[in-house]
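The block underneath contains the structure these notes are about, expressed in structure tokens.
Below, all heavy atoms of this structure are taken into account, side chains as well, without hydrogens, waters or symmetry copies. In what follows, chains carry the letters A, B, and so on, assigned in the order in which the sequence lines appear, proteins first and then strands, with residues in each chain numbered from 1.
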Number of protein chains: 2
Amino acid sequence: MARTRRNFSNRVTLSTVAERAGVSPMTVSNVLNEKPNVTPAKREAVMEAVRELGYQPNRAARALASASALRIGLLHRDTESSFLGQVLLGTLRAANRHGTEIAVRPFDPADEKSALKAAEGLIRSGIDGLIVPPPLCENPSIMELQARYHIPMIALAPGASLETIPSVRIDDEAAAYDLTRLLLARGHRRIGFIRFASSHLVSASREAGHRRALQEAGIPDDPALIWTGRPTYEDGLKAAEYFLSLAEPPSAIFGSSDDLAAAIVNYAHRQGMRIPEDLSVAGFDDAPIASQIWPQLTTVRQSISNIAEIATEYLLKSLSERSEMAPEAQLVDYEVIERQSVANLLEPAKV
Amino acid sequence: MARTRRNFSNRVTLSTVAERAGVSPMTVSNVLNEKPNVTPAKREAVMEAVRELGYQPNRAARALASASALRIGLLHRDTESSFLGQVLLGTLRAANRHGTEIAVRPFDPADEKSALKAAEGLIRSGIDGLIVPPPLCENPSIMELQARYHIPMIALAPGASLETIPSVRIDDEAAAYDLTRLLLARGHRRIGFIRFASSHLVSASREAGHRRALQEAGIPDDPALIWTGRPTYEDGLKAAEYFLSLAEPPSAIFGSSDDLAAAIVNYAHRQGMRIPEDLSVAGFDDAPIASQIWPQLTTVRQSISNIAEIATEYLLKSLSERSEMAPEAQLVDYEVIERQSVANLLEPAKV
DNA sequence: CTGAAAGCGCTTACAG
DNA sequence: CTGAAAGCGCTTACAG
């Protein structure tokens, strides 16, 4: 006859709590899961026992019993970036609450097919849902997977609302609008803007917000003040070179990403310019580099970990309730952060 | 009578595989867990069935049955840094393999007691082991917790071997030695070095390696070429100011962290100097900033995600085998990366 | 409102 | 070498 295992750990379980509280394990479970229809007296007794014993539910058991056993996949590009850390942190916070495992898989951004392969591998490995950070959420062949495999997906910070899949993001248009308004309020009239190739939703939204602010201020469109490039450091240097060689250079440059803005600052320094006295610079994202350079960048802060947490929570909720997610964007707050990289032209005395 | 739950998901389980392979579930389990004493024929049959069915073990069930139900804690400081992402990634890789949950808890570096509180909270919440990234692993009051609560701990990249707790790290002394040797090989003789206050083991080890390389090259100690500060961007700027104002400035500055090196580059640019033509700069860590600035930094790469993965694996193994970890350091590989921030003084024609 | 029974998908500890 | 039994700590789906 099989022998029962010894209880090495003296673990406090549901039954321990039930015994102490003088109720059945079921009632303890009901209290813990906030089910209605438990008399206040019993609820109190259970809570007291939980407190006394320092009871912690066993997540594995919970996951197994609730037949959830959910696994969600997360695709990521770049182990170096702080972006991944933010995404991981938020996803973990939500996943831990639900006792859910998260399967992380990297892909090679240099290889066109790598992301698709990684996504399909993840799906075949049996994940129940997929979290899609940028820039994948702008990749149609990835988005297509949702329909092909009937796998729920949610996009992180896609820059604009997507038509077929739900997402969590800030309002990039409004945020860029606010930042440009700040630049205008500091007296800037000629503002250079760097955008990415048109396929980047984030960049398009930010440009739209920027233009709206200019328009409202009665500043006419000036194509010379829009520079289009790739979101790389090198192209940031090129943009700076372009803007500073104009007959009438802008007094401020709005980088649409902190990396780009940092490149501008670097280029200007090498030209012997002072920031912000000779040139103001603003970025977007509040990435670590925004406060690692000098002067620190005026920028827009979006909490990626918060976005990832909300998205994961939503995905898990819909999965466990077997309800469909609406293919809509949930907007979260952003914050314009003013640091030292933008001069106030209206108070020259203070410079 | 209680009714059995319906199998919504048509999930492939151990039993499905066993049926297909014509063996018992136990045998499938034995094959999957690489137990000895399974005939090759049965092993083959099982593997085939696994492949055909695309079977994936249910981690929750595995964790529950093996009574592991392990939870490990991870303390972290700064959600902004890419460091956390690396640590999380490595920890997750190992944790996922074991079906282990990881509980992440932040603390406020500005508040002396915050880290201690966070650690104690984590321990009271019932974790079975604790992963301690820098700089906590140089904090005696945290290290003390291991003995007080009998909780296994492992330190990440502590900079030097610790006496009471095991760690995984690179050989910082040897790495700094190698980097200084590279500087020497490129013809540099006057090399400025930035170190942190003595309590930083990482900095002390790196300084020791730097000095050993100089000594072997027959270059006498020059106290004027050692600058002591805090590991901040601001202090990097001060260090640069100091070194460049020397009557005989160094031809190269070794920053002992990439942040510091980046600050040096920035300061020099603002002085109108060219890097590396007028000044060479080297860093340490290969943090993202090392390749986000121009010129990109010559530095030492250590894979934090790799270190975190190895440490987590070791912790989990000792926990599940109920074996004690030896309080020794496991060394992992590092790599000296030569980029554009160091000039070769021996080939002036190439400048 | 409450709880005994069955089950989630595995592994442990054996007996054969 | 192989497998039937019991159990990990919960929750589901009921009956009372």
Side-chain angles (χ1 to χ4, degrees), chain A residues 1-19 21-43 45-46 50 53 55-71 98-99 101 126 320-322, chain B residues 1-19 21-43 45-46 50 53 55-71 98-99 101 126 320-322:
Chain A
M1 186 184 154
R3 179 174 300 170
T4 168
R5 269 171 269 181
R6 276 180 296 157
N7 183 354
F8 276 106
S9 55
N10 253 356
R11 197 181 285 277
V12 175
T13 71
L14 244 205
S15 310
T16 325
V17 175
E19 222 169 292
V23 300
S24 74
M26 255 320 299
T27 298
V28 177
S29 175
N30 283 153
V31 170
L32 260 28
N33 292 301
E34 299 177 353
K35 294 275 158 74
N37 299 342
V38 179
T39 51
K42 297 227 172 195
R43 181 184 305 281
V46 168
V50 165
L53 296 166
Y55 170 68
Q56 293 276 339
N58 179 320
R59 315 258 183 164
R62 185 173 264 186
L64 180 56
S66 61
S68 83
L70 253 27
R71 277 179 76 219
H98 290 255
E101 175 192 351
S320 65
E321 292 177 355
R322 294 166 202 284
Chain B
M1 183 187 157
R3 178 174 303 172
T4 167
R5 271 170 268 181
R6 277 180 295 156
N7 183 355
F8 277 107
S9 55
N10 254 353
R11 198 182 283 278
V12 175
T13 72
L14 244 205
S15 309
T16 325
V17 174
E19 223 170 291
V23 299
S24 74
M26 255 321 298
T27 297
V28 177
S29 174
N30 284 152
V31 170
L32 260 29
N33 293 301
E34 299 177 353
K35 294 275 159 73
N37 298 342
V38 180
T39 50
K42 298 227 173 196
R43 180 184 305 279
V46 168
V50 165
L53 297 166
Y55 170 69
Q56 293 275 339
N58 179 320
R59 315 259 182 164
R62 184 174 265 184
L64 180 55
S66 60
S68 84
L70 254 26
R71 276 180 76 220
H98 291 254
E101 175 192 351
S320 65
E321 293 177 354
R322 295 166 201 283

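Atom CD of E19(B) and atom P of dA4(D) are 13 Å apart (whole Å). Rounded to a whole Å, the CG atom of L14(B) is 16 Å from the C1' atom of dG7(C). For the pair L32(B) CG and dC10(C) P, the computed distance is 9 Å after rounding to whole Å. Between K42(B) atom NZ and dC1(D) atom P the separation is 12 Å, expressed in whole Å.
Taking the side chain as every heavy atom from C-beta outward, V31(B) and V28(B) never approach each other to under 4.5 Å.
Between atom CG of residue L14(A) and atom CD of residue E19(A) there is a gap of 12.0 Å, rounded to the nearest 0.5 Å.
Stem regions for DNA chain C, each three or more consecutive Watson-Crick or G-U pairs with both distances under 3.5 Å and listed by first number, read C:1-3 with D:14-16, C:5-12 with D:5-12, C:14-16 with D:1-3.
Checking the phosphate oxygens (OP1, OP2) of dC10(C), no side-chain nitrogen or oxygen of S29(B) falls inside 4.0 Å. In this structure, S15(B) does not reach the dG9(C) phosphate: none of its side-chain N or O atoms is under 4.0 Å from OP1 or OP2. Between dC1(C) and T39(A), no contact under 4.0 Å exists linking OP1 or OP2 to a side-chain N or O. In this model, the phosphate group of dG9(D) is not approached by any side-chain N or O of T13(A) to a distance below 4.0 Å at OP1 or OP2. Within the structure, every side-chain polar atom (N or O) of K35(A) is placed at least 4.0 Å from both OP1 and OP2 of dT2(C). Note on S24(A): every side-chain N or O is 4.0 Å or more away from OP1 and OP2 of dT2(C).
Pairing each heavy atom of S15(A) with each of P25(A), the nearest pair is OG-CG, 4.5 Å. Nearest approach of K35(B) to R43(B), heavy atoms of both residues: O-NH2, 3.7 Å. Between Y55(A) and T13(A), the shortest heavy-atom distance links the atoms CE1-C, 3.5 Å.
When the nucleotides dA4(D), dT2(C), dA13(D) are ranked by their closest atom to the side chain of V38(A), dT2(C) comes out on top. Here dA13(D) is the nucleotide among dA13(D), dC10(C), dT2(C) with the atom lying nearest to any side-chain atom of M26(A).
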TODO: Show the numbers, then the answer: is there a side-chain contact (heavy atoms from CB on, under 4.5 Å) between L32(B) and V17(B)?
DONE: CA-CA 11 Å; L32(B) 260 29; V17(B) 174; over 6 Å; no

